[in-house]
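Contents: one structure, followed by commentary.
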Amino acid sequence: MFKSVEEVQQRFREARYIATRRIATVVYLAERMGRPILIEGPAGVGKTEMAKVLAEVTGRRLIRLQCYEGLDEGKALYEWKYAKQLLYTQLLKERIGELIEDTHSLPEAVAKIAGQDDAFFSYRFLSPRPLLSAIQADDEVVLLVDEIDKAEPEFEAFLLEVLSDFQVSVPELGTITAKHIPLVVLTSNNARELSDGLKRRCLHLFIDFPAPRDELEILRLKVPEISERLAQAVVTAVQRIRVMELRKPPSVSESLDWARSLVILNAETLDPAVVESTLTMLVKYEKDMERVKGALDRVLADLN
Ligand SMILES: Nc1ncnc2c1ncn2[C@@H]1O[C@H](COP(=O)(O)OP(=O)(O)O)[C@@H](O)[C@H]1O
Ligand SMILES: [Mg+2]
């Protein structure tokens with residue numbers, strides 16, 4: 001367990017993640033209170049990475065549920081290994097035949113086979129998916145429910161239920177209760193509004209694009225080869241581009257990619273030619289590109 005907010009910040013930094021005081025406070029409280037964390041914010045600001053680093057620094061195993069449209073309980077919780085069940089019934093055909101040999105009617109035969117249910121609906125044929133894996137785990141885990149906004153609201157309601165009591169009922173097997181309450185992190189890119197219930201259950205954290213000072217730290221940490229001068233120029237240029245009302249403003253992942261490509265190209269300063277030829281690292285839409293190119297003087301003013 002973390003002893004203080006400062007310790008969270010320090011351990012995250014050792015794991016190469018810059019946690020602002022706000023992020024570190026939420027992490028600290030969530031671990032103390034045993035509450036899930038819901039992180040919202042634009043793509044590429046370090047939401048998924050935060051969960052991974054949380055697992056790393058707490059020595060917990062990471063179990064990840066990646067959400068998508070159409071994700072249902074079966075895919076998230078457990079499925080029966082249908083093919084294996086079928087194969088076993090094929091291989092056991094004779095034994096099953098023997099079993100119903102002396103029955104005299106169909107209902108009697110069905111009843112006799114039903115008596116063998118336990119053999120086919122046992123852990124041997126159960127395929128746990130991430131949610132059940134997290135609940136069943138013998139060790140302590142971080143459960144990352146990534147991009148929950150991509151799943152349907154019905155799934156969200158189901159998830160809320162799981163997060164409330166950390167137990168699931170498998171009709172054929174009974175109720176499975178968590179040995180350790182997982183540390184849960186949910187992320188959302190705000191594709192849609194999440195339910196009040198889910199927000200209430202979680203400690204809420206909004207991660208926005210980083211302040212210049214923090215982004216500089218991230219750059220130094222993740223692209224250590226970069227010169228101090230170039231790193232500062234990159235951060236300032238990116239911050240200026242971010243306020244340009246683009247369709248997709250560059251995120252941390254883009255500024256890292258840009259910085260890495262500048263290092264590979266041995267760029268020492270941000271001259272217009274090198275910026276123009278590497279701009280695709282930073283902006284992904286043609287319209288955005290034209291806009292930035294048109295304002296390059298302003299973006300690069302006083303940088304070199
Ligand atoms: N605060 C941070 N400290 C270190 N690296 C960061 C930070 N924020 C973002 N990154 C880096 O930015 C990239 C994108 O992060 P990611 O977690 O995938 O974003 P998201 O899940 O929010 O879309 C990763 O390479 C990550 O390491
Ligand atoms: Mg992510």
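Note that the structure is a prediction, hence the values are computed from the model and not measured.
For OH of Tyr82, the number of neighbouring non-hydrogen atoms (other residues, nucleotides, ligands) closer than 6.0 Å is 12 at most. Within a 6.0 Å radius of CD in Glu268, other residues, nucleotides and ligands contribute 12 heavy atoms or fewer. When the shell of 6.0 Å around CD of Glu225 is examined, it contains more than 12 heavy atoms from other residues, nucleotides or ligands. Around NZ of Lys284, the count of heavy atoms belonging to other residues, nucleotides or ligands within 6.0 Å exceeds 12. Summarising the local packing, CZ of Arg220 is surrounded by more than 12 heavy atoms from other residues, nucleotides or ligands at distances under 6.0 Å.
Listed here is the closest heavy atom pair of Ala109 and Thr103: CB-OG1, 3.7 Å. Of all non-hydrogen atoms in Gly41 and Asn190, the two that sit nearest each other are N-ND2, 3.6 Å. Across all their heavy atoms, Leu219 and Ala231 have their closest contact at CD1-O, 3.7 Å. Closest approach of Trp80 to Ser122, counting heavy atoms only: CZ3-O, 3.4 Å. Counting all heavy atoms, side chain and backbone alike, Pro210 lies closest to Gln239 at O-NE2, 3.2 Å. Taking every heavy atom of both residues into account, Asp138 and His180 meet most closely at O-NE2, 2.8 Å.
Side-chain N or O atoms of Glu276 include none that pairs as donor or acceptor with a backbone N or O of Lys293 at under 3.5 Å. Asp288 places a side-chain N or O within 3.5 Å of a backbone atom of Arg247 that can act as its donor or acceptor partner. A distance-only check finds a donor-acceptor pair linking the side chain of Tyr17 to the backbone of Gly46 [under 3.5 Å]. Using modelled atom types, no side-chain atom of Glu290 and backbone atom of Lys287 make a donor-acceptor pair closer than 3.5 Å. Checking side-chain atoms of Ser4 against main-chain N and O of Glu7 turns up a donor-acceptor pair under 3.5 Å.
A salt bridge is absent between Arg11 and Glu14: the closest approach of a Lys/Arg side-chain nitrogen to an acidic carboxylate oxygen does not fall below 4.0 angstrom. Taking a cutoff of 4.0 Å between a charged side-chain nitrogen and a carboxylate oxygen, Glu152 and Arg192 do not qualify as a salt bridge. Salt bridge annotation for Glu245-Arg291: absent, with no cationic side-chain nitrogen under 4.0 angstrom from a carboxylate oxygen. Under a 4.0 Å N-O distance rule, the pair Asp257/Arg260 qualifies as a salt bridge. For the pair Glu217 and Lys222, the salt-bridge criterion is not met [side-chain N within less than 4.0 Å of a carboxylate O]. With respect to the salt-bridge test (charged N to carboxylate O, under 4.0 angstrom), the residues Glu69 and Lys150 do not qualify. Between Glu161 and Arg201 there is no salt bridge, since no side-chain N of the basic residue sits under 4.0 Å from a carboxylate O of the acidic one.
Hydrophobic clustering (ILVMFWY, side-chain heavy atoms < 4.5 Å, transitive): Ile241 and Leu230 are in one cluster.
Under the side-chain contact (heavy atoms from CB on, under 4.5 Å) test applied with Glu147, the options Val145, Asp149, Leu144 reduce to a single match, Asp149. Residue Asp139 is tested with Arg60, Arg61, Lys179 for a salt bridge (charged side-chain N to carboxylate O under 4.0 Å, His left out); the sole match is Arg61.
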For side chain to side chain contact (heavy atoms under 4.5 Å, CB included), just list the numbers for Phe166 and Ile176, CA-CA rounded to whole Å, side-chain angles, deciding distance to a tenth of an Å, and then say yes or no. CA-CA 9 Å; Phe166 288 104; Ile176 304 171; over 6 Å; no
For a side chain to side chain donor-acceptor pair (under 3.5 Å) check, start with the C-alpha distance between Thr278 and Trp258, then their side-chain angles and the critical distance, and finish with the verdict. CA-CA 7 Å; Thr278 52; Trp258 193 36; 2.9 Å; yes
Could you go through the side chain to side chain contact (heavy atoms under 4.5 Å, CB included) check for Leu183 and Leu54 one step at a time? CA-CA 9 Å; Leu183 204 48; Leu54 179 61; 3.9 Å; yes
Stepwise side chain to side chain contact (heavy atoms under 4.5 Å, CB included) check, Leu160 with Phe155: CA-CA 9 Å; Leu160 186 59; Phe155 182 76; over 6 Å; no
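In this structure, CG on Leu99 lies 5.5 Å from NZ on Lys112, to the nearest 0.5 angstrom. To the nearest 0.5 Å, atoms CD (Gln9) and CZ (Phe2) are separated by 11.5 Å. Here Ser253 contributes atom OG and Met281 contributes atom CE; the two are 12.5 Å apart, rounded to the nearest 0.5 Å.
Side chain to side chain, Ser255 and Glu215 meet the donor-acceptor criterion of an N or O pair below 3.5 Å.
Judged by a 6.0 Å distance limit and a 45° cone about the ring axis, Arg129 is not positioned over the six-membered ring of Tyr78.
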